[in-house]
Amino acid sequence: MTVRSIFKSRNDNNEDHSDTINMTPLIDMVFILLIFFLVTSSFIRESTVAVQRPRAATATPQQNTDLIVTIGSDEQIWLNNDSVDIRMLRARIEQQGLSGPSRSVVILADQKTSTGLLIKVMDQLRLAGLATISVAASTEPDPS
């Protein structure tokens with residue numbers, strides 16, 4: 001039996017292969033759509049801790065935030081959604097390599113948070129080497 005006769009017998013079975021579906025174009029299209037949605041979507045970093053931000057008529061949006069520090073109404077401090085003690089805040093920032101004068105940080109403080117704790121957090125952030133510190137506020141009008 002020669003090589004030609006093997007191929008000929010395989011192709012001459014008179015079986016109809018027209019009902020098979022080629023999945024390659026479908027898979028290619030799914031990957032193209034996936035890449036499109038990943039490239040065009042914007043990822044916004046927000047805190048998962050519920051905070052009632054104070055209102056300010058002059059609040060402006062902050063762009064390119066490297067770090068989010070949240071102070072809840074129970075005065076618990078969160079660093080990028082991880083609970084941290086005020087005494088360990090500076091060390092945790094330096095340990096994670098988040099410090100530096102070019103880094104920016106936003107403090108999401110609840111409106112019931114004491115100003116003393118807010119100042120302590122800002123002080124720890126400045127001691128860690130962060131120069132650009134912003135406090136988040138809401139521009140929505142009072143519901144009353």
Side-chain angles (χ1 to χ4, degrees), residues 3 6-144:
V3 175
I6 294 172
F7 287 122
K8 188 170 183 162
S9 67
R10 190 182 296 169
N11 290 334
D12 287 341
N13 335 8
N14 291 334
E15 290 182 23
D16 188 18
H17 293 289
S18 64
D19 60 346
T20 61
I21 298 173
N22 188 2
M23 296 295 289
T24 306
L26 177 67
I27 293 171
D28 289 345
M29 193 63 182
V30 168
F31 281 125
I32 289 171
L33 286 173
L34 178 68
I35 291 170
F36 173 76
F37 285 119
L38 285 175
V39 169
T40 59
S41 63
S42 62
F43 298 100
I44 300 172
R45 296 177 61 194
E46 288 193 20
S47 176
T48 57
V49 180
V51 173
Q52 182 75 28
R53 289 186 268 176
R55 290 173 182 32
T58 59
T60 57
Q62 180 73 21
Q63 302 294 329
N64 300 331
T65 302
D66 296 317
L67 184 64
I68 296 175
V69 176
T70 307
I71 306 172
S73 60
D74 58 352
E75 300 203 347
Q76 179 70 35
I77 301 169
W78 300 82
L79 176 64
N80 284 342
N81 300 325
D82 293 325
S83 179
V84 65
D85 187 43
I86 185 72
R87 298 169 292 201
M88 295 300 297
L89 182 61
R90 177 181 173 189
R92 184 78 61 89
I93 291 170
E94 291 171 349
Q95 177 186 21
Q96 293 179 0
L98 301 172
S99 61
S102 63
R103 302 275 184 151
S104 64
V105 61
V106 171
I107 301 174
L108 293 174
D110 193 274
Q111 65 184 9
K112 296 177 183 174
T113 302
S114 67
T115 50
L117 180 61
L118 180 63
I119 298 299
K120 286 179 185 177
V121 168
M122 291 175 71
D123 190 40
Q124 290 297 313
L125 294 172
R126 285 208 175 98
L127 289 172
L130 296 162
T132 308
I133 301 172
S134 304
V135 178
S138 176
T139 57
E140 298 173 5
D142 248 346
S144 56

Regarding D110 and K112, does a basic nitrogen lie under 4.0 Å from an acidic carboxylate oxygen? no
Rounded to the nearest 0.5 Å, what separates atom CE in M122 from atom CG in L130? 11.5 Å
Euclidean distance, D85 CG relative to Q76 CD, rounded to 0.5 Å: 8.0 Å
Roughly how far apart are D74 CG and T113 OG1, rounded to 0.5 Å? 8.5 Å
Residue of the set I86, V121, L108 for which side-chain contact (heavy atoms from CB on, under 4.5 Å) holds with I71: V121
For S114, the side-chain hydrogen bond (donor to acceptor under 3.5 Å, both in side chains) test, sequence neighbours excluded, returns E75
About how many Å separate CE of M23 and CE of M29, when rounded to the nearest 0.5 Å? 14.0 Å
Can you measure from CG (L67) to CG (L125) and round to the nearest 0.5 angstrom? 7.0 Å
Against L79, only a single residue in I68, V84, V105 fulfils side-chain contact (heavy atoms from CB on, under 4.5 Å); can you say which? V84
Going by the rule side chain to side chain contact (heavy atoms under 4.5 Å, CB included), which residues pair with L127 if we only count those two or more places apart in sequence or in a different chain? R90, D123, Q124
To the nearest 0.5 Å, how far apart are CZ in R92 and CD1 in I77? 11.5 Å
Partners passing side chain to side chain contact (heavy atoms under 4.5 Å, CB included) against L34 (at least two apart in sequence or in another chain): F31, L38
